[in-house]
Visitor: 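Sharing a structure, written as structure tokens. Questions coming.
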Protein chains: 2
Amino acid sequence: MRIGELAAATGTTTKTLRFYEDAGLLHPAGRTPAGYREYGQDAVARLDFIRRGRAASLTLAQIREVLDVRDQGHAPCRHVEDLLATRLRALDAQIADLQELRATVAQLHDAARGGDPDTCGAEQVCRYL
Amino acid sequence: MRIGELAAATGTTTKTLRFYEDAGLLHPAGRTPAGYREYGQDAVARLDFIRRGRAASLTLAQIREVLDVRDQGHAPCRHVEDLLATRLRALDAQIADLQELRATVAQLHDAARGGDPDTCGAEQVCRYL
DNA sequence: CTGGACCTTCCAGTGCAGGGGAAGGTCAAG
DNA sequence: CTTGACCTTCCCCTGCACTGGAAGGTCCAG
């Protein structure tokens, strides 16, 4: 199939597919005599994997690592497990950071809600922030 | 004071201060005969405000809005309150999204943790993702 | 044989908040 | 007089994952 069909079949765009090829996530596609890219079903499976990886918030670099392991003939299960564990820890840290930030912002907002603009001094930009 | 002193006094860099001036967060500074920027104490207060805004995860554009209101002679309290409320809602949404994502990744990780690499078929990249 | 849908490559831009570094001017100390 | 610290403008680079658009080639239906 050609690039447009593959894009439609995997819910992405031709732009993205060429970008993935440049980024090393897709093997350079075979070409028709006219120079058009030609893909087989394996490309669909590969893109489905990439999509699942993206859905799990893995970066393209991480997904490529997994694909590289697979392309070298090894089962990437172990690598995927490590990746997911790392991602999980990062997500926990990120959520904790955001919750802390939320508490700070909520505190500021509580102080500002009920404030009287007329009592603002001109020597500072805003006493509520 | 000169730009390096101001940077040291506010815990930032000269690069950032020039960037803020370009971005409209700082008024164009006065210049010495040699062309050096010259700042007063008000610049320190302004940068402290910017720093607090950044700490509350406001964007530079949002902070500039507040400063613009202030510069036009109005107390920005009300504007700040709205901004904080909006930021709070965005943070809640972001935290909820991340928690959902975390659940998904945790599920994948649980499935992968106990898996046997030898049972992986070659027809897919990895059955755990 | 022409129109339109598709394909190719290449270059540039998006958003965000700066950072790196070059080429050159200024100032005070030694 | 020179050294070194500081300042100036200028332009490009970073990360991340694309997206937009121009200029041109290919293919098929009418």
Side-chain angles (χ1 to χ4, degrees), chain A residues 1-39 43 46-47 49-67 83 86-87 90-91 94 97-98 101, chain B residues 1-39 43 46-47 49-67 83 86-87 90-91 94 97-98 101:
Chain A
M1 71 179 97
R2 294 188 309 189
I3 197 169
E5 290 174 84
L6 180 59
T10 57
T12 179
T13 67
T14 60
K15 280 283 190 190
T16 298
L17 295 180
R18 293 193 198 94
F19 172 73
Y20 281 177
E21 184 177 310
D22 279 355
L25 287 140
L26 296 179
H27 300 305
R31 300 293 177 120
T32 69
Y36 288 11
R37 285 176 180 79
E38 189 62 35
Y39 296 96
R46 205 170 171 94
L47 279 163
F49 176 78
I50 295 172
R51 190 179 42 68
R52 291 197 302 278
R54 294 292 298 139
S57 73
L58 299 180
T59 65
L60 293 186
Q62 290 173 323
I63 293 170
R64 188 178 48 165
E65 276 181 35
V66 176
L67 290 168
L83 220 44
T86 301
R87 193 73 201 92
L91 279 172
Q94 202 178 345
D97 284 353
L98 280 179
L101 178 59
Chain B
M1 71 180 96
R2 292 189 309 188
I3 196 167
E5 289 173 85
L6 179 59
T10 56
T12 180
T13 67
T14 60
K15 280 283 188 191
T16 298
L17 295 181
R18 293 192 198 96
F19 172 73
Y20 282 177
E21 184 177 310
D22 279 354
L25 287 138
L26 296 180
H27 300 304
R31 301 291 178 122
T32 67
Y36 288 12
R37 286 176 179 79
E38 188 64 34
Y39 296 95
R46 205 170 171 93
L47 280 163
F49 176 77
I50 295 173
R51 191 180 40 68
R52 291 197 302 278
R54 294 291 301 139
S57 72
L58 299 181
T59 65
L60 293 186
Q62 291 173 323
I63 294 170
R64 190 179 45 167
E65 277 180 34
V66 177
L67 290 169
L83 219 46
T86 302
R87 193 71 200 96
L91 279 172
Q94 201 178 347
D97 284 353
L98 280 179
L101 178 59

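Lettering of chains follows the sequences in order, A, B, ..., and the numbering in each one begins at 1.
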Visitor: Taking only the side-chain nitrogens and oxygens of B:Arg2, find out if one of them lies under 4.0 Å from OP1 or OP2 of D:dC6.
Guide: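 Answer is no, no contact under 4.0 Å.
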Visitor: Judged by atom type as modelled, is there a donor-acceptor pair below 3.5 Å linking the side chain of B:Glu38 to the main-chain atoms of B:Arg2?
Guide: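 Side chain of B:Glu38 to backbone of B:Arg2, a donor-acceptor pair under 3.5 Å: no, none is there.
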Visitor: More 5' along DNA chain D: B:Arg31 or A:Leu58, using each one's nearest nucleotide?
Guide: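 Looking at DNA chain D, the more 5' nearest nucleotide goes with B:Arg31.
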Visitor: Could you give the NZ-to-P distance, from B:Lys15 to D:dT9, as a whole number of Å?
Guide: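 In whole Å, D:dT9 P lies 11 Å from B:Lys15 NZ.
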Visitor: Chain B on DNA chain C: first and last contacting nucleotide, 5' to 3', under 4.0 Å to a heavy atom?
Guide: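 Using the under 4.0 Å cut-off, the span is C:dA17 to C:dC27.
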Visitor: Please state whether the phosphate of D:dT9, meaning OP1 or OP2, lies under 4.0 angstrom from any side-chain nitrogen or oxygen of B:Arg37.
Guide: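 Result: yes.
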Visitor: Nearest whole Å is fine: how far is D:dC11 P from B:Asp22 CG?
Guide: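 Answer to the nearest Å: 12 Å.
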Visitor: With a cut-off of 3.5 Å and sequence neighbours excluded, list every side-chain donor-acceptor pair involving residues 8-15 of chain B.
Guide:
{"unit_1": "B:Thr10", "atom_1": "OG1", "unit_2": "B:Leu6", "atom_2": "O", "d": "2.8"}
{"unit_1": "B:Thr13", "atom_1": "OG1", "unit_2": "B:Thr16", "atom_2": "N", "d": "3.1"}
{"unit_1": "B:Thr13", "atom_1": "OG1", "unit_2": "B:Thr16", "atom_2": "OG1", "d": "2.9"}

Visitor: Distance check needed: D:dC16 C1' versus A:Ile63 CD1, whole Å only.
Guide: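 Those two atoms, CD1 and C1', are 12 Å apart.
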Visitor: With a 3.5 Å distance limit and no angle check, can you tell me whether A:Arg64 reaches the backbone of A:Ala23 through a side-chain donor-acceptor pair?
Guide: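 Confirmed, A:Arg64 side chain pairs with A:Ala23 backbone.
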Visitor: Expressed in angstrom and rounded to an integer, what is the separation of A:Glu5 atom CD from D:dC27 atom P?
Guide: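 It is 15 Å, rounded to the nearest whole Å.
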Visitor: With sugar-phosphate meaning primed atoms plus P, OP1 and OP2, does B:Thr13 contact a base, only sugar-phosphate, or nothing at under 4.0 Å between heavy atoms?
Guide: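 Sugar-phosphate, backbone atoms only, no base.
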Visitor: Ignoring hydrogens, what is the shortest heavy-atom contact between A:Arg54 and A:Thr59? Give both atom names and the distance.
Guide: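 Shortest heavy-atom separation between A:Arg54 and A:Thr59 comes out as NH1-CA, 4.1 Å.
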Visitor: Do A:Leu25 and A:Phe19 come within less than 4.5 Å of each other through their side chains, counting heavy atoms only?
Guide: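 No, every pair of side-chain atoms sits at 4.5 Å or beyond.
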Visitor: Give a yes or no on whether the backbone of A:Ser57 and the side-chain of A:Arg87 come within a donor-acceptor separation of less than 3.5 Å.
Guide: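 Looks like yes, one N/O pair under 3.5 Å.
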Visitor: Indicate whether OP1 or OP2 belonging to D:dC11 is found under 4.0 Å from a side-chain N or O atom of B:Arg18.
Guide: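 Result: no.
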Visitor: Which residues satisfy the side-chain hydrogen bond (donor to acceptor under 3.5 Å, both in side chains) test with A:Arg37, sequence neighbours excluded?
Guide: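 Counting only residues at least two positions away or on another chain, A:Arg37 forms a side-chain hydrogen bond (donor to acceptor under 3.5 Å, both in side chains) with A:Glu21.
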Visitor: Taking the nucleotide of DNA chain C with the nearest heavy atom to each, does B:Tyr36 or B:Ala61 sit closer to the 5' end?
Guide: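 By nearest-heavy-atom nucleotide position, the 5'-most residue is B:Ala61.
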Visitor: Just how far, in rounded Å, is P of D:dC16 from OH of A:Tyr20?
Guide: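 Rounded to the whole Å, the gap is 14 Å.
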Visitor: Could you state the CZ-P distance from B:Phe19 to D:dC11, rounded to the nearest angstrom?
Guide: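 That distance rounds to 17 Å.
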Visitor: Determine the contact category for B:Thr32: base if any of its heavy atoms lies under 4.0 Å from a base atom, sugar-phosphate if only primed atoms, P, OP1 or OP2 are that close, otherwise nothing.
Guide: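 The answer is nothing, as B:Thr32 stays clear of every strand by at least 4.0 Å.
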